[in-house]
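What follows is a single structure, written as C-alpha coordinates, with notes after it.
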Amino acid sequence: MAMNYLLAPQPNQRAYMNLIKNGLIAIILVSSITACTDPKDTVLPSDISTWESNKNLKNSVQKLTDEEKKLLAAYAMRAGLSTAFGGKGINEGTTIGEAINIQSQWLQEQQAQKAKQEALAAELQKKQLEKLKEMNSFLTVSLNSLGFQPSNAQKGQYQDYFTIELGFKNNTDKNISGAKGIVILKDMFGEVIKTINLSNDNNIPAKQVMTLSGTIDYNQFIDQDKKLKSTKFEKLQFEWVPDVYIFENGDKFVMPQS
(Lines give C-alpha, C1' and ligand atoms only; values in the text may rest on other atoms or scores of the structure.)
Protein backbone atom coordinates (compact mmCIF):
# COMPACT_ATOMS: atom_id res chain seq x y z
CA MET A 1 0.00 0.00 0.00
CA ALA A 2 1.42 3.33 -1.05
CA MET A 3 1.81 5.94 1.62
CA ASN A 4 1.97 9.66 1.23
CA TYR A 5 4.22 11.57 3.56
CA LEU A 6 3.91 15.28 4.23
CA LEU A 7 7.43 16.32 4.87
CA ALA A 8 7.96 19.50 6.91
CA PRO A 9 10.80 21.68 5.70
CA GLN A 10 13.95 21.47 7.68
CA PRO A 11 15.33 24.55 9.47
CA ASN A 12 17.99 25.15 6.82
CA GLN A 13 15.38 24.90 4.10
CA ARG A 14 13.11 27.40 5.86
CA ALA A 15 15.96 29.87 6.15
CA TYR A 16 16.76 29.48 2.47
CA MET A 17 13.11 29.99 1.48
CA ASN A 18 12.87 33.08 3.68
CA LEU A 19 15.99 34.44 2.05
CA ILE A 20 14.54 33.95 -1.40
CA LYS A 21 11.23 35.46 -0.28
CA ASN A 22 12.89 38.46 1.27
CA GLY A 23 15.12 38.86 -1.78
CA LEU A 24 12.16 38.89 -4.12
CA ILE A 25 10.41 41.45 -1.94
CA ALA A 26 13.53 43.61 -1.95
CA ILE A 27 13.81 43.40 -5.73
CA ILE A 28 10.15 44.33 -6.11
CA LEU A 29 10.57 47.24 -3.71
CA VAL A 30 13.68 48.51 -5.50
CA SER A 31 11.96 48.20 -8.87
CA SER A 32 8.94 50.00 -7.52
CA ILE A 33 11.03 52.80 -6.02
CA THR A 34 13.08 53.14 -9.25
CA ALA A 35 9.94 53.29 -11.35
CA CYS A 36 8.34 55.89 -9.11
CA THR A 37 11.40 58.09 -8.66
CA ASP A 38 10.77 61.49 -10.23
CA PRO A 39 13.85 62.87 -12.03
CA LYS A 40 12.78 66.31 -10.87
CA ASP A 41 13.58 65.28 -7.29
CA THR A 42 17.27 65.01 -8.17
CA VAL A 43 19.33 67.58 -6.27
CA LEU A 44 21.48 69.82 -8.42
CA PRO A 45 25.16 70.17 -7.53
CA SER A 46 25.93 73.78 -6.62
CA ASP A 47 29.02 73.65 -8.82
CA ILE A 48 27.70 73.71 -12.39
CA SER A 49 31.10 72.59 -13.71
CA THR A 50 30.48 69.13 -12.21
CA TRP A 51 27.18 68.55 -13.98
CA GLU A 52 28.71 67.03 -17.07
CA SER A 53 30.46 64.27 -15.11
CA ASN A 54 27.52 63.55 -12.79
CA LYS A 55 25.96 60.34 -14.17
CA ASN A 56 22.97 60.46 -11.82
CA LEU A 57 22.16 63.99 -12.90
CA LYS A 58 22.61 63.17 -16.60
CA ASN A 59 20.27 60.18 -16.28
CA SER A 60 17.64 62.36 -14.59
CA VAL A 61 17.94 65.07 -17.22
CA GLN A 62 17.46 62.53 -20.00
CA LYS A 63 14.03 61.71 -18.56
CA LEU A 64 12.84 65.31 -18.82
CA THR A 65 10.73 66.67 -21.66
CA ASP A 66 12.40 68.92 -24.25
CA GLU A 67 10.71 71.98 -22.75
CA GLU A 68 11.89 71.05 -19.23
CA LYS A 69 15.44 70.57 -20.54
CA LYS A 70 15.37 74.05 -22.09
CA LEU A 71 14.15 75.59 -18.83
CA LEU A 72 16.84 73.79 -16.83
CA ALA A 73 19.55 74.88 -19.27
CA ALA A 74 18.35 78.49 -19.11
CA TYR A 75 18.30 78.34 -15.31
CA ALA A 76 21.87 77.02 -15.27
CA MET A 77 22.99 79.81 -17.61
CA ARG A 78 21.44 82.49 -15.41
CA ALA A 79 22.92 80.92 -12.29
CA GLY A 80 26.34 80.75 -13.94
CA LEU A 81 26.18 84.41 -14.94
CA SER A 82 25.08 85.32 -11.43
CA THR A 83 28.08 83.52 -9.97
CA ALA A 84 30.43 85.19 -12.45
CA PHE A 85 29.25 88.60 -11.26
CA GLY A 86 29.47 87.78 -7.56
CA GLY A 87 25.95 86.41 -7.05
CA LYS A 88 24.89 83.37 -5.02
CA GLY A 89 24.44 81.01 -7.93
CA ILE A 90 22.55 77.79 -7.15
CA ASN A 91 21.27 77.40 -3.60
CA GLU A 92 22.31 74.25 -1.78
CA GLY A 93 19.70 71.51 -2.09
CA THR A 94 17.90 72.93 -5.12
CA THR A 95 16.23 70.14 -7.11
CA ILE A 96 15.73 69.89 -10.86
CA GLY A 97 12.02 70.50 -10.38
CA GLU A 98 12.60 73.60 -8.27
CA ALA A 99 15.07 74.95 -10.83
CA ILE A 100 12.55 74.43 -13.64
CA ASN A 101 9.83 76.19 -11.63
CA ILE A 102 12.14 79.10 -10.78
CA GLN A 103 13.08 79.56 -14.43
CA SER A 104 9.45 79.26 -15.56
CA GLN A 105 8.37 81.92 -13.05
CA TRP A 106 11.26 84.17 -14.10
CA LEU A 107 10.19 83.89 -17.75
CA GLN A 108 6.59 84.74 -16.84
CA GLU A 109 7.78 87.81 -14.94
CA GLN A 110 9.93 88.88 -17.91
CA GLN A 111 7.02 88.45 -20.29
CA ALA A 112 4.75 90.47 -17.99
CA GLN A 113 7.39 93.20 -17.74
CA LYS A 114 7.84 93.23 -21.53
CA ALA A 115 4.09 93.53 -22.04
CA LYS A 116 4.00 96.42 -19.58
CA GLN A 117 6.87 98.19 -21.35
CA GLU A 118 5.24 97.69 -24.75
CA ALA A 119 1.99 99.13 -23.41
CA LEU A 120 3.83 102.17 -22.02
CA ALA A 121 5.70 102.63 -25.31
CA ALA A 122 2.43 102.45 -27.26
CA GLU A 123 0.86 105.00 -24.91
CA LEU A 124 3.86 107.32 -25.26
CA GLN A 125 3.80 106.99 -29.04
CA LYS A 126 0.11 107.86 -29.04
CA LYS A 127 0.78 110.97 -26.94
CA GLN A 128 3.69 111.96 -29.18
CA LEU A 129 1.56 111.67 -32.32
CA GLU A 130 -1.20 113.71 -30.73
CA LYS A 131 1.26 116.37 -29.58
CA LEU A 132 3.03 116.37 -32.96
CA LYS A 133 -0.26 117.00 -34.72
CA GLU A 134 -1.08 119.81 -32.30
CA MET A 135 2.35 121.49 -32.51
CA ASN A 136 2.49 121.18 -36.29
CA SER A 137 -0.79 123.06 -36.45
CA PHE A 138 0.85 125.95 -34.59
CA LEU A 139 3.96 126.33 -36.72
CA THR A 140 4.88 125.36 -40.27
CA VAL A 141 8.62 125.05 -40.93
CA SER A 142 10.07 124.82 -44.42
CA LEU A 143 13.53 124.47 -45.96
CA ASN A 144 14.03 127.47 -48.24
CA SER A 145 17.60 126.80 -49.31
CA LEU A 146 20.69 124.73 -48.58
CA GLY A 147 24.08 125.51 -50.11
CA PHE A 148 27.75 124.75 -49.71
CA GLN A 149 30.40 127.37 -49.15
CA PRO A 150 34.00 126.20 -49.70
CA SER A 151 36.85 127.73 -47.75
CA ASN A 152 38.51 130.87 -49.18
CA ALA A 153 41.81 131.85 -47.62
CA GLN A 154 41.88 135.14 -49.51
CA LYS A 155 38.68 136.19 -47.81
CA GLY A 156 39.82 134.86 -44.45
CA GLN A 157 37.48 131.89 -44.59
CA TYR A 158 39.45 128.81 -43.66
CA GLN A 159 36.68 126.27 -43.23
CA ASP A 160 34.06 124.76 -45.51
CA TYR A 161 30.46 125.02 -44.35
CA PHE A 162 26.84 124.66 -45.42
CA THR A 163 24.48 127.61 -45.62
CA ILE A 164 20.85 127.02 -44.70
CA GLU A 165 17.68 129.11 -44.66
CA LEU A 166 14.45 128.02 -42.97
CA GLY A 167 11.00 129.56 -43.07
CA PHE A 168 8.78 129.66 -39.95
CA LYS A 169 5.06 130.38 -40.43
CA ASN A 170 3.07 131.09 -37.29
CA ASN A 171 -0.42 129.69 -37.91
CA THR A 172 -1.86 130.90 -34.59
CA ASP A 173 -3.32 134.17 -33.32
CA LYS A 174 -0.56 134.45 -30.69
CA ASN A 175 3.05 135.56 -31.02
CA ILE A 176 5.66 132.81 -30.65
CA SER A 177 8.74 133.78 -28.62
CA GLY A 178 10.83 130.74 -29.42
CA ALA A 179 10.81 127.40 -31.20
CA LYS A 180 13.11 124.47 -30.65
CA GLY A 181 13.19 121.30 -32.74
CA ILE A 182 15.12 118.94 -35.00
CA VAL A 183 15.84 119.48 -38.67
CA ILE A 184 16.01 116.18 -40.57
CA LEU A 185 17.48 116.10 -44.08
CA LYS A 186 16.82 113.00 -46.17
CA ASP A 187 17.67 111.81 -49.64
CA MET A 188 15.01 111.18 -52.30
CA PHE A 189 14.51 107.63 -50.96
CA GLY A 190 13.72 108.85 -47.45
CA GLU A 191 17.01 107.78 -45.89
CA VAL A 192 18.30 110.21 -43.26
CA ILE A 193 21.44 112.08 -44.30
CA LYS A 194 21.81 114.50 -41.41
CA THR A 195 19.93 115.70 -38.33
CA ILE A 196 20.41 119.15 -36.80
CA ASN A 197 19.23 120.36 -33.39
CA LEU A 198 17.96 123.90 -33.86
CA SER A 199 16.80 126.63 -31.49
CA ASN A 200 15.10 129.73 -32.88
CA ASP A 201 14.66 132.42 -30.22
CA ASN A 202 13.45 135.03 -32.68
CA ASN A 203 9.89 136.27 -32.29
CA ILE A 204 7.44 134.89 -34.83
CA PRO A 205 4.44 137.23 -35.00
CA ALA A 206 0.94 135.79 -35.18
CA LYS A 207 -0.07 134.80 -38.71
CA GLN A 208 3.33 135.92 -39.99
CA VAL A 209 6.34 134.24 -41.62
CA MET A 210 9.94 134.82 -40.58
CA THR A 211 13.12 133.39 -42.06
CA LEU A 212 16.16 132.12 -40.21
CA SER A 213 19.55 131.89 -41.92
CA GLY A 214 22.56 130.09 -40.54
CA THR A 215 25.55 127.89 -41.24
CA ILE A 216 26.42 124.25 -40.53
CA ASP A 217 29.99 123.06 -40.17
CA TYR A 218 31.25 120.71 -42.87
CA ASN A 219 33.58 117.82 -42.07
CA GLN A 220 35.15 116.14 -45.08
CA PHE A 221 35.81 112.98 -43.04
CA ILE A 222 32.15 112.41 -42.16
CA ASP A 223 30.20 110.38 -44.73
CA GLN A 224 26.91 112.14 -43.94
CA ASP A 225 28.43 115.53 -44.67
CA LYS A 226 29.94 114.32 -47.93
CA LYS A 227 26.61 112.87 -49.01
CA LEU A 228 24.76 116.07 -48.12
CA LYS A 229 27.25 118.09 -50.15
CA SER A 230 26.77 115.90 -53.22
CA THR A 231 22.95 115.76 -53.02
CA LYS A 232 21.08 118.25 -55.17
CA PHE A 233 18.73 120.54 -53.27
CA GLU A 234 15.70 119.55 -55.35
CA LYS A 235 16.26 115.91 -54.37
CA LEU A 236 16.38 116.60 -50.65
CA GLN A 237 13.49 115.75 -48.35
CA PHE A 238 12.97 117.99 -45.32
CA GLU A 239 11.31 117.16 -42.01
CA TRP A 240 10.86 119.26 -38.90
CA VAL A 241 10.28 117.56 -35.54
CA PRO A 242 9.07 120.04 -32.91
CA ASP A 243 10.45 119.88 -29.38
CA VAL A 244 9.47 123.04 -27.48
CA TYR A 245 7.29 126.00 -28.47
CA ILE A 246 7.02 129.00 -26.16
CA PHE A 247 4.39 131.68 -26.77
CA GLU A 248 4.65 135.32 -25.79
CA ASN A 249 1.76 134.94 -23.33
CA GLY A 250 3.67 132.23 -21.45
CA ASP A 251 2.02 129.16 -23.01
CA LYS A 252 4.50 126.34 -23.44
CA PHE A 253 4.14 123.17 -25.48
CA VAL A 254 6.64 120.32 -25.09
CA MET A 255 6.91 117.11 -27.08
CA PRO A 256 6.79 114.03 -24.78
CA GLN A 257 10.18 112.32 -24.68
CA SER A 258 10.66 108.59 -25.14
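Please read these numbers as outputs of a predicted model, since none were measured by experiment.
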Between Gln128 and Pro256, is there a donor-acceptor pair closer than 3.5 Å when you use the side chain of the first and the backbone of the second?
-> yes

After noting the C-alpha distance and the side-chain angles of Gln111 and Lys114, does the key distance pass the side-chain contact (heavy atoms from CB on, under 4.5 Å) rule?
-> CA-CA 5 Å; Gln111 290 171 354; Lys114 182 181 179 181; 5.6 Å; no

Give a yes or no on whether Gln154 atom CD has more than 12 heavy-atom contacts from other residues, nucleotides or ligands under 6.0 Å away.
-> no

Please check if the side chain of Glu98 supplies one atom and the backbone of Thr95 the other of a donor-acceptor pair under 3.5 Å.
-> yes

NZ (Lys227) with more than 12 external heavy atoms under 6.0 Å | yes

If the plane angle is over 60° it's perpendicular, under 30° parallel, otherwise tilted; pick one for Phe162 and Tyr218.
-> perpendicular

Thr94 side chain vs Ile90 backbone, donor-acceptor pair below 3.5 Å = no

Quick one: NZ on Lys229 to CD on Gln224, what's the gap to the nearest 0.5 Å?
-> 15.5 Å

Can you check whether Val192 reaches Leu185 side chain to side chain, under 4.5 Å on heavy atoms?
-> no

In this structure, CH2 of Trp240 is separated from OG1 of Thr140 (nearest 0.5 Å) by 12.0 Å

Exercise: identify the closest heavy-atom pair between Ala74 and Gln103 = CB-NE2, 3.3 Å

Side chains of Val241 and Ile184: does their closest heavy-atom pair fall under 4.5 Å?
-> yes

Are the side chain of Trp51 and the backbone N or O of Pro45 linked by a donor-acceptor pair below 3.5 Å?
-> yes

Side chain Lys207, main chain Asn171, donor-acceptor under 3.5 Å | yes

For the residue pair Lys58 and Glu52, what are the closest heavy atoms and their distance?
-> CD-O, 3.0 Å

Around Phe189, counting heavy atoms of other residues, nucleotides and ligands shown, do more than 12 lie under 6.0 Å from its CZ?
-> no

Polar side-chain atom of Ser142 near backbone of Asn144 as donor-acceptor pair, under 3.5 Å | no

Taking the side chain from Ser60 and the backbone from Asn56, do they hold a donor-acceptor pair closer than 3.5 Å?
-> yes

Give a yes or no on this: more than 12 heavy atoms of other residues, nucleotides or ligands lie within 6.0 Å of atom CD of Glu92.
-> no

Given side chains that start at C-beta, do those of Leu71 and Leu107 come closer than 4.5 Å, heavy atoms only?
-> yes

Interatomic distance, Thr50 atom OG1 to Leu44 atom CG [nearest 0.5 angstrom] = 9.5 Å

Side-chain (Glu165) to main-chain (Leu212) donor-acceptor, under 3.5 angstrom | no

Salt bridge (charged side-chain N to carboxylate O under 4.0 Å, His left out) between Lys131 and Glu134, intermediate numbers included | CA-CA 5 Å; Lys131 184 62 70 173; Glu134 180 184 32; 3.2 Å; yes

Correct closest heavy-atom pair for Phe148 and Pro150 would be O-CD, 3.6 Å

Please assess Thr163 against Ser213 for the test side-chain contact (heavy atoms from CB on, under 4.5 Å), listing each intermediate value before the final yes or no.
-> CA-CA 8 Å; Thr163 59; Ser213 298; over 6 Å; no

Look at atom CD of Gln125 and say whether more than 12 heavy atoms of other residues, nucleotides or ligands are closer to it than 6.0 Å.
-> no

Going through the checks in order, is the salt bridge (charged side-chain N to carboxylate O under 4.0 Å, His left out) test met by Glu239 and Lys186?
-> CA-CA 8 Å; Glu239 182 179 348; Lys186 304 178 182 180; 2.8 Å; yes

Which heavy atom of Ile96 sits nearest a heavy atom of Pro39, and at what distance?
-> CD1-O, 3.4 Å

Taking a hydrophobic cluster as the set of Ile, Leu, Val, Met, Phe, Trp and Tyr residues connected by side-chain heavy atoms closer than 4.5 Å, whether directly or through intermediates, do Val183 and Leu132 fall within one such cluster?
-> yes

Taking it one step at a time, do Asn200 and Asn202 satisfy side-chain hydrogen bond (donor to acceptor under 3.5 Å, both in side chains)?
-> CA-CA 6 Å; Asn200 180 7; Asn202 296 302; 2.9 Å; yes

Do Asn170 side-chain atoms and Ile204 backbone N/O form a donor-acceptor pair below 3.5 Å?
-> yes

Any chance NZ of Lys180 has more than 12 other-residue heavy atoms, nucleotides or ligands included, within less than 6.0 Å?
-> no

Between CZ of Phe138 and CD1 of Ile176, what distance do you get to the nearest 0.5 Å?
-> 8.5 Å

Does Phe233 share a hydrophobic cluster with Leu228, counting links as ILVMFWY side-chain heavy atoms below 4.5 Å and allowing steps through other members?
-> yes

Can you hop from Ile182 to Ile246 via hydrophobic side chains spaced under 4.5 Å?
-> no

Counting only heavy atoms not in Lys169, do more than 12 fall under 6.0 Å of its NZ?
-> no

Do you reckon Phe238 sits in the same ILVMFWY cluster as Ile196, going by side-chain contacts under 4.5 Å, direct or chained?
-> yes

Residue Gln110 excluded, over 12 heavy atoms near CD under 6.0 Å | yes

Got a donor-acceptor contact below 3.5 angstrom from the Ser82 side chain to the Arg78 backbone?
-> no

Roughly how far, to the nearest 0.5 Å, is CG of Asp187 from CD1 of Ile193?
-> 5.0 Å

With the side chain counted from C-beta on, respond yes when Asp243 and Gln257 share a heavy-atom pair under 4.5 Å apart, and no when they do not.
-> yes

Criterion side-chain contact (heavy atoms from CB on, under 4.5 Å) on Gln149 and Gln157, from CA distance to verdict = CA-CA 10 Å; Gln149 187 66 45; Gln157 178 191 324; 3.5 Å; yes

Exercise: identify the closest heavy-atom pair between Lys194 and Ile216 = CE-CG2, 3.8 Å

Please check if the distance between the ring centroids of Phe247 and Phe253 is under 6.0 Å.
-> yes

For the pair Lys40 and Glu68, evaluate side-chain contact (heavy atoms from CB on, under 4.5 Å) and give the outcome as yes or no after the intermediate values.
-> CA-CA 10 Å; Lys40 296 178 185 177; Glu68 290 170 341; 2.6 Å; yes

Value rounded to 0.5 Å, distance of CG in Leu236 from OG in Ser145 | 11.0 Å

Compare all side-chain heavy atoms of Ile164 with those of Leu166 and state whether any distance is below 4.5 angstrom.
-> yes

